[in-house]
Amino acid sequence: MRQLFIALFATILLASCGNKPQGDNKEAANTGAKPQIKIDGSSTVEPISEAVAEDYKKKNDSVDITVGTSGTGGGFKKFGRNETDISDASRPITHSEDSICKAANIDYIELPIAYDGLAVVVNKDNTWLSKITVKELKKMWEPDAQTKIKKWSDVNPAWPKEEIHLFGPGTASGTYDYFTEAINGKSKSSRGDYTASEDDNVLVQGIAGDKYALGYFGLAYYEQNKDKLKVLPIDNEKKEDGDGAITPTAETVKNGTYQPLSRPLFIYVNKKSSAKNEVKAFVDYYLANGAKLAAEVGYVALPDEANQLVKQRWTAGTTGSLFVGKNNVGMKMEDLLKSEQTTAK
Amino acid sequence: MNNERAKTLKDNIFKGWAIFATSVGMIMLAVLLIKIGMDGLHRISLDFFTALPSRKFEKAGILTAWAGTLWIMVTTALFAIPIGVGAGLYLEEYAKKSRWSSMLEINISNLAGVPSIIYGLLGLEVFVRFLHLGESILSGSLTLALLIMPIVIVSTREAIKTVPNTLREASYALGASKWQTVWMQVLPASAGGIMTGIILALSRAIGETAPLIVVGALTYVPFVPKSVFSSFTVLPIQIYNWASRPEAGFAVNAAAAIIVLMSITFLMNGSAVYLRNRWQKNVRW
């Protein structure tokens, strides 16, 4: 009996300490013979990465591809510690994330892979709104609104004197970062007293059940719940992005007229990882098929021209971000990519 | 006479309230079960258990999720049981009553109330990064083992407390050593309570998502774990991922996966009740 007891403890001690030497996490995580490609980051982008990984597995089963959903910020934290090969992101990398990567000697290749529209929606029974301007949205959502805007009539006197109920994603979400930057002018600057959920289906339910609600979330969630919600066309009062209020559809998101709430989705590839054959082959496949698969899981494919430019960027191995230190939010992706090419020459 | 009537009235009111209180829980559970059953039951088939995750909801399955959950539960139990029961034994049978041991006691009880995400952060720093175990099943299960350890320790102690001292004295009187007394008398006599505690602790662990996400459980894992160093996903993460997808078909998958997870929890809790009853019948002193 005693031997058994001691043996049991010894096994446990061995199991918990004996494997320290297998240090390097990427290798340790996989004892099988197959190499592994680790993807982590935005839960918005996850369905695209998952779809690409799923199809790639059918074509080439010699590599294990895993996708995590730590969120865009959480994903970059891991990316900056060399723990992942590819980071999914629903907004561009930030200055501080970029600095962390630089400090850790991590070069990355930034690849836009699709567009997502953010839909601003209200209840079906909302009769007073048929469109909304960016200014009105800012009035509702800016941090100061928390004390000033309590009722619909506080935004526009013609609207009902009823309490306004706002719904949006939580502060850890890239959707929140993007919306606040596009509408309030500064990322993460928003009123705090709205109903927040990381699960867009909860927002759908909330707005569908409340006549005086307004909220924002990914276009795909509106498309699936058209019968329950009313989407608002958005007017940014800039002629060059199309006249008047624009309704978000795959078409208006793709041609860049639905502004400023079309956002690009990205993958960031670790430059060192990209030298590995399996990663290179996978990203090639990603760029060749990502557009089609993105549309299948509810996002909007990049225009062909932008897609070609992204492929060139990947082949050239251009590192660094198009966004860090520049105010490029809302610019057309193909223009952005082209301008970089011309300055590089 | 009047006094008598008032008493019966009070009695009936209290009875009514107690019945109401019980039925609130029962009705909520029933509504939940019926709703989930209607949504997801038709989705459960052999394919659902053997298919890999997929972007097409009709093809997606939970193979890697339930395999991950099974790996995690077994390894968690391997760590939590010997250490938790050992600690409980020490505190009850060996430790002298001192300020130090009562401090320890309070701390262990407090640990049971620490939010699970805190354990996740601890696991991330200690197991994933400091010990370099990576984002593996081993890191995940060690973290969960820490999470449920206080529950195991507390329930072990409670179970041991119920063993009458006369039993120990009888054992010593027959010339048994401390070790023999603990191993052959105290442990078997309290085994029912200890096992109930362990199973209830494990049923808490099975539903945990937050600490596992922090230590690196993934969302899309297209392979069944082959060792404790493998990457993994678990059922609650798969459920959450499906529930937050835009297509309604994934909600059905989520409901079906919830049924699977709940059945496992029911089975575990049921066996806890069974074990407790069986042991209580066997123990005679």
With a 4.5 Å cut-off on side-chain heavy atoms, are A/Thr66 and B/Phe223 touching?
yes

Heavy-atom side-chain contact between A/Lys34 and B/Lys226 under 4.5 Å
no

Flag if over 12 foreign heavy atoms under 6.0 Å of [atom1], [X]:
X: B/Lys56; atom1: NZ; answer: yes
X: B/Lys59; atom1: NZ; answer: no
X: B/Trp66; atom1: CH2; answer: no

Which residue out of [options] racks up the most heavy-atom pairs below 4.5 Å with chain B?
options: A/Ser43, A/Gly74, A/Gly68; value: A/Gly68
options: A/Gly218, A/Ala53, A/Ser70; value: A/Ala53
options: A/Val67, A/Val204, A/Val202, A/Asp199; value: A/Val67

Is it the case that the side chains of A/Glu198 and B/Ser244 hold a donor-acceptor pair, with the cut-off being a distance below 3.5 Å and no angle test?
no

Considering all heavy atoms of both residues, which atom of [X] and which atom of [Y] are nearest to each other, and what is their separation?
X: A/Glu54; Y: B/Tyr220; answer: CA-OH, 3.3 Å
X: A/Ala51; Y: B/Arg55; answer: CB-CD, 3.2 Å
X: B/Pro246; Y: A/Ala220; answer: CB-O, 3.8 Å
X: A/Lys57; Y: B/Pro222; answer: NZ-O, 3.4 Å

Segment of [X] engaging chain A (4.5 angstrom heavy-atom cut-off):
X: B/Ile137; answer: neither
X: B/Tyr240; answer: side chain
X: B/Arg245; answer: both

Rounded distance (nearest 0.5 Å) linking atom [atom1] of [X] with atom [atom2] of [Y]:
X: A/Arg81; Y: B/Arg129; atom1: CZ; atom2: CZ; answer: 3.5 Å
X: A/Ile65; Y: B/Ser231; atom1: CD1; atom2: OG; answer: 12.5 Å
X: A/Glu50; Y: B/Leu218; atom1: CD; atom2: CG; answer: 12.0 Å

Quick one: does any side-chain atom of A/Asn201 pair with a main-chain N or O of B/Ala243 as donor and acceptor, under 3.5 Å?
yes

